K.L.:
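Have a look at this one before I ask anything.
Order of listing sets the numbers, starting from 1, for every ligand and every atom in it. Count residues from 1 along the sequence. Computed over heavy atoms, backbone and side chain alike; hydrogens, waters and symmetry mates excluded. Because the structure is a prediction, the values reported are computed rather than measured.
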Amino acid sequence: MSDSNLEQAQADGKYIRTVRSFVKREGRLTKGQAAALERSWPTMGLTHQQGLLDLTQVFGRTAPTVLEIGFGMGKSLVAMAAAAPEKNFIGIEVHRPGVGACLMEAETAGLTNLRVYEHDAVEVLRDCIADGALDTVQVFFPDPWHKKRHHKRRLIQPAFVEALRPKLALGGVLHLATDWENYAEHMLEVMSGAANWRNLAEDQGYIPRPSERPLTKFEQRGERLGHGVWDLKFSRIG
Ligand SMILES: C[S@@+](CC[C@H](N)C(=O)[O-])C[C@H]1O[C@@H](n2cnc3c(N)ncnc32)[C@H](O)[C@@H]1O
């Protein structure tokens, strides 16, 4: 069905079209990733089918909870979870090899404060996370979808941030980072136009790179090549 036919069908109420922020790649698992999934999924894996999470039960304690969307191979997520053992971390990623890689890193770091989903974050947020449950949501380097006709696939959209906001506690923070200037501008426009958020940047633009966001190899390389990175932090005020 063509795009316009799908939209027509949706308008007729026959078909709800979902524009997803990812294309599922069938990447192969390395042996190490497969083994880590086998070993650690029973203790660290969460499934969408489990439905609404009881965080106290999942982590065996009550602690501030950080949710990362689209963690890739999990490098930053594992580094942050290792640096903040007093917090709970939940990662969501659709790419299975990435989930396996993250579990490998988490095992090496000996983490007990991390749980992961292999699922679409839009659905996990909607169905599994209780209102007010999160202290921080972070989205680092989401797929920029460079072409204009693909911009609708970008994760950061008005409807998405409006659905995400109630999942944060009041005062909770959404932290975004991108190395694509046009996406940074898009993020700033979406967040500045959304109700009940406060921009934590003094000049209402971008914040200086926060020290708690680990510097990845990818970003280091970008720095050497003179590429920019833009961080945004907004707190929930309503
Ligand atoms: C460009 S990568 C960045 C990965 C990582 N954050 C980093 O900084 O290296 C974006 C990641 O987001 C994941 N992703 C995109 N949309 C998603 C969604 N709706 N739910 C979960 N993961 C998603 C992709 O599979 C991909 O691994």
Side-chain angles (χ1 to χ4, degrees), residues 17-30 33 37 44-49 53 66-81 83 89-106 114-129 134 136-147 150-164 167 174-184 186-187 190 209-223 225 227-233:
R17 176 168 186 264
T18 334
V19 179
R20 293 193 192 278
S21 59
F22 58 89
V23 176
K24 194 106 167 109
R25 294 162 284 156
E26 285 310 322
R28 257 216 252 161
L29 291 174
T30 64
Q33 291 164 358
L37 278 163
M44 297 179 71
L46 297 171
T47 62
H48 177 249
Q49 295 95 296
L53 284 187
V66 178
L67 179 86
E68 178 161 332
I69 295 175
F71 59 72
M73 305 303 265
K75 283 245 180 230
S76 303
L77 178 58
V78 168
M80 288 182 80
F89 286 78
I90 300 175
I92 315 178
E93 173 55 61
V94 284
H95 189 49
R96 188 166 174 75
V99 177
C102 180
L103 292 185
M104 277 174 81
E105 299 264 350
L114 174 65
R115 301 291 182 276
V116 295
Y117 282 95
E118 181 194 343
H119 200 85
D120 182 356
V122 173
E123 294 185 0
V124 171
L125 269 177
R126 188 191 60 203
D127 302 328
C128 307
I129 307 293
L134 304 173
T136 306
V137 175
Q138 53 196 39
V139 193
F140 297 156
F141 307 100
D143 298 298
W145 293 105
H146 304 110
K147 291 180 185 156
H150 286 152
H151 284 184
K152 58 179 179 277
R153 286 184 171 274
R154 287 176 169 174
L155 187 65
I156 306 306
Q157 304 286 358
F160 176 73
V161 296
E162 184 55 20
L164 179 155
K167 307 300 177 178
L174 174 62
H175 179 185
L176 308 173
T178 181
D179 60 344
W180 190 251
E181 188 167 15
N182 175 267
Y183 200 3
H186 170 94
M187 287 172 173
V190 168
R209 179 178 192 292
S211 58
E212 78 270 12
R213 186 170 62 70
L215 189 62
T216 59
K217 271 191 202 148
F218 162 76
E219 192 176 349
Q220 261 168 332
R221 182 174 163 270
E223 267 185 356
L225 296 169
H227 299 165
V229 169
W230 293 265
D231 282 90
L232 300 87
K233 272 192 187 180

K.L.:
Taking only residues at least two apart or on different chains, which pairs with a member in residues 95-106 satisfy salt bridge (Lys or Arg N to Asp or Glu O under 4.0 Å)?
P.N.:
K75-E105, R96-E118
K.L.:
Numbering the atoms of ligand 1 from 1, which are under 4.0 Å from a heavy atom of F71?
P.N.:
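Those qualifying, in numeric order: 5 (C), 6 (N).
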K.L.:
Note the single closest protein heavy atom to atom 20 (N) of ligand 1, along with its residue, its atom name and the distance in Å.
P.N.:
A121 N, 2.9 Å
K.L.:
Looking at atom 16 (N) of ligand 1, tell me if a protein heavy atom falls under 4.0 Å from it.
P.N.:
yes
K.L.:
When rounded to the nearest 0.5 angstrom, what is the spacing between CD in E68 and CD1 in I90?
P.N.:
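Output value for this atom pair is 12.0 Å.
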K.L.:
For the CZ atom of R20 and the CG atom of D143, what is their distance to the nearest 0.5 Å?
P.N.:
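Here the interatomic distance stands at 14.0 Å.
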K.L.:
For the NZ atom on K217, are there more than 12 heavy atoms of other groups (residues, nucleotides or ligands in this structure) within a distance under 6.0 Å?
P.N.:
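12 or below, so no.
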K.L.:
Classify the angle between the aromatic ring planes of W145 and H150 as parallel (below 30°), tilted (30 to 60°) or perpendicular (above 60°).
P.N.:
perpendicular
K.L.:
Report, in ascending order of atom number, the atoms of ligand 1 lying under 4.0 Å from any heavy atom of V94.
P.N.:
20 (N), 21 (C), 22 (N), 23 (C), 25 (O)
K.L.:
Starting at CD1 of I156, measure out to NE2 of H186 and round the result to the nearest 0.5 Å.
P.N.:
7.5 Å
K.L.:
Which atoms from ligand 1 have a heavy atom of F140 less than 4.0 Å away?
P.N.:
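Answer for ligand 1: 3 (C), 5 (C), 6 (N), 8 (O).
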K.L.:
Nearest 0.5 angstrom please: R126 CZ to L164 CG, how far?
P.N.:
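Answer for the CZ-CG pair, R126 versus L164, is 14.0 Å.
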K.L.:
Judged by non-hydrogen atoms, does D120 sit under 4.0 Å from ligand 1?
P.N.:
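The answer is yes, since D120 has a heavy atom less than 4.0 Å from ligand 1.
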K.L.:
Just to check, does T216 reach to within less than 4.0 Å of ligand 1 when the distance is taken from its heavy atoms?
P.N.:
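Contact check T216 vs ligand 1: negative.
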K.L.:
P142 to ligand 1: N or O pair under 3.5 Å?
P.N.:
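No, P142 has no N/O under 3.5 Å of an N/O on ligand 1.
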K.L.:
Checking the side chain of R153 only, and the main-chain atoms of V19 only, is there a donor and an acceptor separated by less than 3.5 Å?
P.N.:
no
K.L.:
Any idea which atoms of ligand 1 are less than 4.0 Å away from a heavy-atom of S21?
P.N.:
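Atoms satisfying the 4.0 Å criterion: 15 (C), 16 (N), 17 (C), 18 (C), 19 (N).
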K.L.:
Does E93, backbone or side chain, put an N or O under 3.5 Å from an N or O of ligand 1?
P.N.:
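Yes, E93 has an N/O under 3.5 Å of an N/O on ligand 1.
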K.L.:
With sequence neighbours left out, write down each residue that passes ring-ring contact (aromatic ring centres under 6.0 Å, His included) with H151, or none if nothing qualifies.
P.N.:
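In terms of ring-ring contact (aromatic ring centres under 6.0 Å, His included), with neighbours along the sequence ignored, H151 is linked to no residue.
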K.L.:
Check ligand 1 against F141 and write out every atom of the ligand that is under 4.0 Å from a heavy-atom position of the residue.
P.N.:
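Heavy-atom distances to F141 below 4.0 Å select 1 (C), 2 (S), 3 (C), 8 (O), 10 (C).
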K.L.:
What protein heavy atom lies closest to atom 12 (O) of ligand 1? Include the residue and the distance to one decimal.
P.N.:
G70 CA, 3.4 Å
K.L.:
Considering the heavy atoms of H119, write down every atom of ligand 1 situated less than 4.0 Å from one of them.
P.N.:
20 (N), 21 (C)
